[in-house]
Amino acid sequence: MFEDLLADASVAFRLAVEEIGLTYSEDPDWVPIPFKGKWGFGTPACFQIAAAEAKSGKKINVPQRAEEIASLVSKSILPPSGFDAVEAERGYLNLFIQTRTYAEHVIDNVLENHDDFGKGKKIGERVMVEYAQPNTHHSFHIGHARNAMLGESLARLVEFAGFDTIRASYPGDIGLGVITCVWAYDKFYRGQEPEGIHKKGQWLAGIYTEATSLVTPSDDDSESTLNEKAAYDEERRDLLKKWDDGDPQVRALWGETRQWSLDELSEILSLLGIEIDVYFYESEVIGPAKEIVDELITLGIAEDERPDGPVIVRIDEKLGLTKEKYRTAVILRSDGTALYLTNDLALAKEKFEKYSVDRSIYVVDVRQSLHFQQAFKILELWGFPQAQYCRHLAYGFVTLPEGAMSARRGNVVLFMDVYEEAKRRVSNIINEKNPDLSEDQREKVVHQVGLGALTYSMLAVDNNKDIIFNWDDALSFDGHSAPYIQNAHVRAMSILRRAGDVPGGASFNYDLDETEIELIDIISRFQNTVKKAATEYKPLLMATYAYDLAKAFHHFYHAVRVLQADADNIRDARIRLTDASRQTLANALRLLGIEAPEMM
RNA sequence: GCCCCUGUAGCUCAAUGGAUAGAGCACCGGACUUCUAAUCCGGCGGUUCCGCGUUCGAGUCGCGGCAGGGGCGCCA
């Protein structure tokens with residue numbers, strides 16, 4: 001927003017340096033001045049000049065000399081247009097901005113662009129974000145929710161930043177685990193399924209947990225139990241073989257149970273506001289996967305050790321590395337069946353060739369880092385230039401205070417349970433704070449705020465940190481939380497409702513309060529935050545931004561009167577500022593996948 | 001053995017190599033006849049795991065440790 005201005009400032013700075021007999025040929029770095037009620041940019045360039053002098057042999061104290069230079073420059077520099085004051089402070093040269101002019105510029109910009117405020121220009125590159133991909137026949141727990149929320153926010157960010165964006169999901173709908181569940185359902189529970197999408201999905205997930213224990217030997221099993229488990233194990237493997245051979249009965253059984261899971265998934269995703277563009281089902285990728293192995297062998301990238309061993313790629317050796325880093329990857333079992341890596345390679349090829357993807361982002365938990373590093377290196381060896389724009393967005397686990405969640409052991413916190421609890425808690429608070437809310441509005445707010453709180457608690461932590469799930473932290477409604485941000489939006493809405501029409505224009509030709517300047521300052525940083533969060537793949541930056549903005553609005557709200565301002569021109573300007581704040585809050589929340597309520 | 005991630009206030013976490021390391025929670029004390037108090041103001045709280053190095057300047061970069069977590073040939 002201030003690039004032109006700062007370019008002029010850089011020229012003025014260099015001229016001023018020359019004026020006092022020194023030289024500085026680089027572009028000075030301009031950083032926002034730590035906020036003190038005036039708005040501006042400062043540069044530490046004088047430190048660099050002083051450091052250069054010290055290097056050339058002069059015996060000087062660099063910080064002291066920097067202060068001298070900054071002071072001299074401040075006297076010789078002509079404030080470039082758009083700035084109204086110059087100041088030297090502790091070696092920094094600070095330029096202060098003409099607050100009134102820029103306040104209008106920023107606010108006009110927001111109110112002209114509405115929902116598109118902060119949107120980047122089309123970049124002409126296609127990015128595919130792969131996320132929201134639990135296995136079928138399992139439960140959708142809070143860890144899956146972190147994945148889905150992170151992926152969705154990222155997709156919204158890159159889309160808004162100007163990338164052509166495809167949302168993709170790759171559910172694991174086949175494999176020994178899935179078939180074990182199908183086996184147990186068929187053997188013990190067929191026809192007993194309950195009604196209701198979530199009930200049925202969770203019931204099936206319960207069978208999965210039980211089925212796993214039925215076939216997994218444990219130390220304290222008696223011999224007869226061990227024999228029984230061995231027999232069961234054979235039955236399920238038999239079933240997988242039949243599935244692989246395309247046995248119509250097995251396929252039908254699998255298809256029916258799979259659909260229950262997919263129905264539940266679809267319901268949950270729609271609750272989260274997620275619309276996936278492309279589904280790649282693992283069961284449909286297996287075919288082509290086996291073909292690519294032949295190609296890799298022909299190209300000399302892979303080595304076929306069959307029948308004595310699998311098909312492998314010695315990645316470190318191919319790259320000429322002496323230390324083991326990418327190691328050796330197995331890309332096909334010795335019996336000729338595909339592995340996870342085989343499928344991912346085939347899928348990547350399809351993404352590049354069929355979907356013309358330039359950048360591919362995989363939102364998958366951190367345990368699979370090596371897997372993706374291997375996949376990306378093999379794609380590189382294979383000759384795909386897109387390989388260097390493949391990125392594994394690893395995120396840490398959501399664990400319980402007592403340890404890791406495990407679907408197989410059944411100690412998971414289900415997303416739906418957390419969601420219901422969130423709604424209950426919001427409802428209790430509404431009883432206390434706003435009991436007059438109509439039933440319709442109440443239902444809406446309970447969803448918006450409950451889900452918002454949960455989403456924010458997932459996005460406000462850096463993705464490579466683990467989250468220890470705790471009900472009170474995950475559903476916090478005070479302080480650094482979604483409801484705090486949503487409440488700022490609600491307060492703005494409330495003022496705007498009473499204000500009637502928002503004036504078409506207004507001049508900030510009065511002494512602005514510090515809180516107004518800070519609020520405008522933060523609004524003006526929105527575009528850069530979008531850009532940075534999108535290019536660094538960090539929704540966290542937007543989460544932090546939204547909080548800072550809400551905080552600035554709450555400060556403003558308490559410090560000044562909008563509707564009862566001292567003069568009409570001030571009232572008009574503040575109404576516009578309120579509207580711009582509301583709009584920016586709404587845009588920031590939208591990019592996090594959080595709704596902005598009109599009341600709460 | 002090798003690779004990756006993490007280590008910041010009592011707790012949970014922020015901080016493009018820049019100015020006095022910031023928030024929330026918790027704790028203590030204040031502000032509702034006011035545009036919604038899910039808010040605001042004040043107080044309390046720090047050897048940024050340790051050491052060495054690079055730099056005018058390091059929580060941030062490099063090297064070496066320590067501690068915790070994850071991963072490492074036919075699971076996904």
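Below, read A as the first sequence line, B as the second, and so on, with proteins coming before strands; counting in each chain starts at 1.
For K323(A) and C3(B), the shortest distance from a side-chain N or O to OP1 or OP2 is below 4.0 Å. Between Y557(A) and A37(B) there is a side-chain polar atom (N or O) within less than 4.0 angstrom of OP1 or OP2. For K325(A) and C3(B), the shortest distance from a side-chain N or O to OP1 or OP2 is not below 4.0 Å. Note on N464(A): a side-chain N or O is less than 4.0 Å away from OP1 or OP2 of U6(B). Look at K55(A) and you won't find any side-chain N or O under 4.0 angstrom from OP1 or OP2 of U55(B).
Taking atom P in both A14(B) and C5(B), the straight-line distance is 16 Å, to the nearest Å. C4(B) and A9(B) are spaced 26 Å apart, taking the P atom of each and rounding to whole Å. One P atom belongs to A21(B), the other to G43(B), and the distance between them is 16 Å to the nearest Å. Only the C1' atoms considered, G71(B) is 33 Å distant from G10(B), to the nearest whole Å. Taking atom C1' in both A23(B) and U48(B), the straight-line distance is 16 Å, to the nearest Å. Across the P atoms, U47(B) and G65(B) are found 26 Å apart, a figure rounded to whole Å. With C1' as the reference atom, G62(B) and G22(B) are 27 Å apart, rounded to whole Å. G29(B) and G68(B) have their C1' atoms separated by 39 Å, given to the nearest Å.
Closest to the Q48(A) side chain, of the nucleotides C3(B), A14(B), C56(B), is C56(B). Side-chain atoms of K538(A) lie closest to A15(B) of the nucleotides U6(B), A15(B), U16(B). For L541(A), taking side-chain heavy atoms from C-beta onward, the closest of the listed nucleotides C2(B), A38(B), A15(B) is A15(B). Among the nucleotides C35(B), A14(B), C40(B), the one closest to the side chain of H554(A) is C40(B). Across A14(B), C40(B), G69(B), the shortest atom-to-atom separation from the side chain of Y484(A) is found for C40(B). Minimum atom distance to the side chain of V31(A) is reached by A19(B), of the listed A38(B), C56(B), A19(B). Here the side chain of V62(A) is nearest to one of C56(B), C35(B), C40(B), namely C56(B). In this structure, the nucleotide among A37(B), U8(B), C56(B) sitting nearest to the side chain of K465(A) is U8(B). Checking C56(B), G24(B), C35(B) against every side-chain atom of A51(A), the shortest atom distance belongs to C56(B).
Contact check for L400(A) versus F469(A): side-chain heavy atoms found under the 4.5 Å cut-off. In this structure, the side chains of L319(A) and I315(A) come closer than 4.5 Å at one or more pairs of heavy atoms. The shortest distance between side-chain heavy atoms of T180(A) and V215(A) falls below 4.5 Å. A heavy-atom distance below 4.5 Å is found between the side chains of I430(A) and V446(A). Residues F556(A) and S581(A) have side chains not in contact (no heavy-atom distance under 4.5 Å, counting atoms from C-beta outward).
Between D521(A) and R525(A) there is a salt bridge, since at least one side-chain N of the basic residue sits less than 4.0 Å from a carboxylate O of the acidic one. Salt bridge annotation for D579(A)-R582(A): present, with a cationic side-chain nitrogen under 4.0 angstrom from a carboxylate oxygen.
The separation between E514(A) atom CD and C41(B) atom C1' is 14 Å, rounded to whole Å. In this structure, the CG atom of D548(A) is 11 Å from the P atom of G24(B), given to the nearest Å. Separating the CG atom of D513(A) from the C1' atom of C40(B) is a distance of 14 Å, rounded to the nearest angstrom. Here the P atom of nucleotide A14(B) and the CD1 atom of I522(A) are 19 Å apart, to the nearest Å. To the nearest angstrom, C1' of A23(B) lies 11 Å from NE2 of H555(A). Per the geometry, OH belonging to Y547(A) stands 13 Å off C1' belonging to U12(B), to the nearest Å. Atom C1' of nucleotide U12(B) and atom CE of M458(A) are separated by 13 Å, given to the nearest angstrom. In this entry the distance linking CG of N434(A) with P of A37(B) reads 11 Å, nearest Å.
One can find a donor-acceptor pair under 3.5 Å joining the base of A19(B) and the side-chain atoms of N94(A). The base of U39(B) sits within donor-acceptor range of the side chain of H558(A), with an N or O pair under 3.5 Å.
Test N463(A), D365(A), N147(A), N464(A) against Y395(A) for side-chain hydrogen bond (donor to acceptor under 3.5 Å, both in side chains) and you get one pass: N147(A).
For the pair R314(A) and Y326(A), the NZ or CZ position fails the cation-pi test of under 6.0 Å to the six-membered ring centre and within 45 degrees of the ring normal.
Anti is the glycosidic conformation of C72(B), whose angle departs from 0 by more than 90°. The glycosidic torsion of G51(B) lies more than 90° away from 0, placing the base in the anti range.
No contact: V311(A) has no heavy atom under 4.0 Å from any strand. Among the protein residues, R561(A) comes within range of the nucleic acid bases, having at least one heavy atom under 4.0 Å from a base atom.
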From CA spacing to verdict: salt bridge (charged side-chain N to carboxylate O under 4.0 Å, His left out), E598(A), K444(A): CA-CA 10 Å; E598(A) 299 194 0; K444(A) 200 173 167 189; 5.7 Å; no

Starting from the C-alpha separation in whole Å, work towards a yes-or-no answer on salt bridge (charged side-chain N to carboxylate O under 4.0 Å, His left out) for R425(A) and D472(A). CA-CA 10 Å; R425(A) 292 188 184 201; D472(A) 291 336; 2.8 Å; yes

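Enclosure of atom CD in E443(A) is not indicated, since only 12 or fewer non-hydrogen atoms of other residues, nucleotides or ligands lie within 6.0 angstrom.
With a cut-off of 3.5 Å on both Watson-Crick or G-U wobble distances, the partner of C72(B) is given as G1(B). The pairing partner recorded for C25(B) is G10(B), the criterion being a Watson-Crick or G-U wobble arrangement whose two distances lie under 3.5 angstrom. When both distances must be under 3.5 Å, the Watson-Crick or G-U wobble mate of C52(B) is G62(B). Base pairing of U39(B) is made with A31(B), judged by Watson-Crick or G-U wobble geometry with both donor-acceptor distances under 3.5 Å.
When each of P44(A) and N487(A) is assigned the nucleotide of RNA chain B bearing its nearest heavy atom, the one mapping closer to the 5' terminus is P44(A). Comparing F477(A) and D462(A) by the nucleotide of RNA chain B whose heavy atom lies nearest to each, the residue mapping closer to the 5' end is D462(A).
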Report, as a single string ordered 5' to 3', how protein heavy atoms within less than 4.0 Å touch nucleotides 59-68 of chain B: B base, S sugar-phosphate only, - not at all. ----------

So if I define the base as every atom that isn't primed, P, OP1 or OP2, how would nucleotides 70-76 of chain B read as a B/S/- string at a heavy-atom cutoff under 4.0 Å? SBBBBSB

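Scanning for side-chain hydrogen bond (donor to acceptor under 3.5 Å, both in side chains) contacts around R333(A) gives T337(A), with sequence neighbours left out.
The backbone N or O of M149(A) sits nowhere less than 3.5 Å from a side-chain atom of S153(A) that would complete a donor-acceptor pair.
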